[in-house]
Amino acid sequence: MACIPSKSEAETATNGPPPEDVSSRNLEDLIRTLPTREGWSQPMVLYKNYWCRPHLVGKIMLLQDTFKPRSDDIILATQPKCGTTWLKALAFTITNRSRYSFSDHPLLTSNPQYLVPFIEIPDAGRDHTYLETLPSPRLLSTHLPLSMLPSETSSTGCRIVYLCREPKDAFVSRWHFENKIVKGSSIELEKAFDMFCEGFSPSGPFWDHCLEYWKESLARQDEVLFLKYEEIKSQPEQVVRQLAKFLGVPLTAEEESAGVAQEVVKLCSFENLTSLQVNQTGGVDHGNKIYVENSVFFRKGKVGDWANHMSEEMAEKLDRVIEEKLKGSGLSF
Ligand code: A3P
């Protein structure tokens, strides 16, 4: 697997014009036609039914025009704050386990975010052609909803692992993150909560993003694996085995006896990753007053932390919204 730094949090959002030559288009004019809303750390636009930072629109269009999925690609899809960093660490470790020993591993010196590039934002200073230079099989990631991936992604049969998270925990994690990445900014919890419940959040509406991948995972079980953060928390070794099998590199009997599943879990654990210097220092300046420290991808790493921030009324309200939005889908939290 390729090991590449990608230093951006990609976040997404519709109903723009069909893909065409982005360079020849006056992107600013296009962005001005999209519904815009403020409230999070940066204004966002509604592009193809999802909210995203305006600067992403051009990148998404470019991706739709230029990204050539390969049949052996693996795409890790998430909404921000649902465990992207953890999933990247796990998938990278599982798929590269014949290359790296646990004691001398890239995760010991690189933040997991930068070991698996986002397809919509390959890396600061790199354009989308960079993805073409990566050897197969590529391990890639995205915050884009399924409907925004190039259509060939389904027809080529590349595998997608989608990770979602209990919405109240995802919301609380988001709120903390927003307040950390923009210096001097502070968003009131209640205000953020109302926006989230209205479907206005980076990459949101939260439920639509989940539902797209959920339905696809039911329709294409061999190619789309749907996971929940809480499942990994409660049965990490089981999930490592499940992921390895799904990704075409099942754990062998020898690996089982050698405790490889346990080693993977330990290497990628919150405790281990947060103890590493690489995840405690440094960061990336995204401009626009946004500075993303390496440490910002790690906070508590717990299930149920929402209870320390949200009132019972808030919890009940979000539960009701989610129940209503997911009704009849078979997906629940
Ligand atoms: P909290 O803010 O609830 O602690 P993302 O990677 O999608 O941005 O998600 C970040 C969330 O995942 C944060 O949640 C972070 O602490 C948690 N996280 C990051 N690495 C983790 C790990 N190795 N194990 C468990 N949770 C992890």
Subject >> Electrostatic pair E198:R37 at N-O distance under 4.0 angstrom >> reply: yes
Subject >> Stepwise side chain to side chain contact (heavy atoms under 4.5 Å, CB included) test for F67 and L62 >> reply: CA-CA 8 Å; F67 180 60; L62 195 61; over 6 Å; no
Subject >> Interatomic spacing from CG in L189 to OG in S311 - rounded to 0.5 Å >> reply: 8.5 Å
Original post:
Is the NZ or CZ atom of K88 positioned over F118's six-membered ring, under 6.0 angstrom from the centre and within 45° of the axis?
Top reply: yes
Original post:
Ignoring hydrogens and geometry, is there a side-chain-to-backbone donor-acceptor pair from S329 to L331 under 3.5 Å?
Top reply: yes
Original post:
Any ion pair linking E324 and K327 (charged N to carboxylate O, less than 4.0 Å)?
Top reply: yes
**OP:** Show the numbers, then the answer: is there a side chain to side chain contact (heavy atoms under 4.5 Å, CB included) between R165 and S173?
**Re:** CA-CA 10 Å; R165 187 176 191 188; S173 184; 3.7 Å; yes
Original post:
With a 6.0 Å cut-off on ring centres, are Y229 and W86 close enough?
Top reply: yes
Original post:
Does the side chain of P112 reach to within under 4.5 Å of the side chain of N279, using non-hydrogen atoms?
Top reply: yes
Original post:
Which value, rounded to the nearest 0.5 Å, describes the distance between C164 atom SG and H209 atom NE2?
Top reply: 10.5 Å
Original post:
Minimum heavy-atom separation for R299 to H309, with atom names?
Top reply: NH1-NE2, 4.1 Å
Original post:
Under a 4.5 Å cut-off applied to non-hydrogen side-chain atoms, are L225 and Q242 in contact?
Top reply: yes
**OP:** Could you tell me whether D29 atom CG has more than 12 heavy atoms of other residues or ligands within 6.0 Å of it?
**Re:** yes
Original post:
With respect to T95, which candidate in I74, L243, V116 satisfies the side chain to side chain contact (heavy atoms under 4.5 Å, CB included) definition?
Top reply: I74
Original post:
Does C158 offer a backbone N or O that forms a donor-acceptor pair with the side chain of D73 under 3.5 Å?
Top reply: no
Original post:
Counting only heavy atoms not in K215, do more than 12 sit closer than 6.0 Å to its NZ atom?
Top reply: no
Original post:
Just by modelled atom types, is the F206 backbone N or O under 3.5 Å from a matching donor or acceptor in the Q79 side chain?
Top reply: yes
Original post:
Which word best sums up how the rings of W214 and F226 line up, parallel for under 30°, tilted for 30 to 60°, or perpendicular for over 60°?
Top reply: perpendicular
Original post:
Side chains of I75 and T153: closer than 4.5 Å at any heavy-atom pair?
Top reply: yes
Original post:
Regarding Q280 and S295, is there a side-chain donor-to-acceptor distance under 3.5 Å anywhere?
Top reply: no
Subject >> Donor + acceptor pair across side chains of E120, T142 (<3.5 Å) >> reply: yes
Subject >> Side-chain donor or acceptor of Q64 paired with backbone N/O of M148 under 3.5 Å >> reply: yes
Original post:
With a 4.5 Å limit on heavy-atom distance, are the side chains of V278 and L108 in contact?
Top reply: no
Original post:
Roughly how far, to the nearest 0.5 Å, is the CD atom of E316 from the CE atom of M310?
Top reply: 10.5 Å
**OP:** Heavy atoms only: give me the nearest C197-W207 pair and the separation to one decimal.
**Re:** O-CH2, 3.2 Å
Original post:
Is E271 salt-bridged to K266, cutoff N-O under 4.0 Å?
Top reply: no
Original post:
Which atoms form the tightest heavy-atom contact between S41 and I187, and what is the distance?
Top reply: N-CD1, 3.8 Å
Original post:
Distance from M314 atom CE to D319 atom CG, nearest 0.5 Å?
Top reply: 12.0 Å
Subject >> L30/M61 under side chain to side chain contact (heavy atoms under 4.5 Å, CB included): CA gap, chis, key distance, verdict >> reply: CA-CA 11 Å; L30 159 71; M61 295 170 87; 3.6 Å; yes
**OP:** Any chance you could measure E263, atom CD, to S103, atom OG, to the nearest 0.5 Å?
**Re:** 9.5 Å
**OP:** Output yes when K168 and D305 qualify as a salt bridge under the 4.0 Å nitrogen-oxygen rule, no when they do not.
**Re:** no
**OP:** Spell out, as yes or no, whether a donor-acceptor pair under 3.5 Å connects the side chain of E166 to the backbone of D169.
**Re:** yes
**OP:** Please determine which of F333, F177, F196 meets the ring-ring contact (aromatic ring centres under 6.0 Å, His included) test together with F171.
**Re:** F196
Original post:
Considering only heavy atoms from C-beta outward, does the side chain of E323 approach that of R320 to under 4.5 Å?
Top reply: no
Original post:
Between R138 and L131, is there a donor-acceptor pair closer than 3.5 Å when you use the side chain of the first and the backbone of the second?
Top reply: yes
**OP:** Kindly assign one of parallel, tilted or perpendicular to the pair Y162 and Y213, based on the angle between their ring planes and the thresholds 30° and 60°.
**Re:** parallel
Original post:
Salt-bridged, E255 to R97, with N to O below 4.0 Å?
Top reply: yes
**OP:** Check whether any side-chain heavy atom of L140 sits under 4.5 Å from a side-chain heavy atom of P117, and report yes or no.
**Re:** yes
Original post:
So, the side chain of N294 versus the backbone of T281: is there a donor-acceptor pair under 3.5 Å, distance only?
Top reply: yes
Original post:
Between the main-chain N or O of F92 and the side-chain N or O of N96, is there a donor-acceptor pair closer than 3.5 Å?
Top reply: yes
Original post:
Are the side chain of S257 and the backbone of A253 linked by a donor-acceptor contact shorter than 3.5 Å?
Top reply: yes
Subject >> Non-hydrogen side-chain atoms of Q262 and V240 separated by less than 4.5 Å >> reply: no
**OP:** Please report the closest heavy-atom contact between L163 and K228, naming both atoms and the distance.
**Re:** CD1-C, 3.5 Å
Original post:
Per the side chain to side chain contact (heavy atoms under 4.5 Å, CB included) rule, which among L90, L139, I160, T84 passes with L76?
Top reply: L139
**OP:** Using the six-membered ring wherever Trp is involved, compare the ring planes of F270 and F298 and label them parallel, tilted or perpendicular (cut-offs 30° and 60°).
**Re:** perpendicular
Original post:
For the side chain of S110 and the backbone of L115, is there at least one donor-acceptor N/O pair under 3.5 Å apart?
Top reply: no
Original post:
In Å, rounded to the nearest 0.5 Å, how long is the span from NZ of K317 to CD1 of I322?
Top reply: 12.0 Å
Original post:
Charged N to carboxylate O under 4.0 angstrom, K191 versus E188?
Top reply: no
Original post:
Taking side chain as C-beta onward, heavy atoms only, is M44 less than 4.5 Å from F200?
Top reply: yes
Subject >> Where P54 and P43 come nearest, the two heavy atoms and their spacing >> reply: CD-O, 3.3 Å
**OP:** Dump the intermediate steps for side chain to side chain contact (heavy atoms under 4.5 Å, CB included) on I119 and L149, then the final yes or no.
**Re:** CA-CA 10 Å; I119 55 175; L149 297 183; 3.8 Å; yes
Original post:
Would E212 and S147 count as having a side-chain donor-acceptor pair, cut-off 3.5 Å?
Top reply: yes
**OP:** Determine the minimum heavy-atom distance between L107 and C268, stating which atoms define it.
**Re:** CD1-SG, 4.0 Å
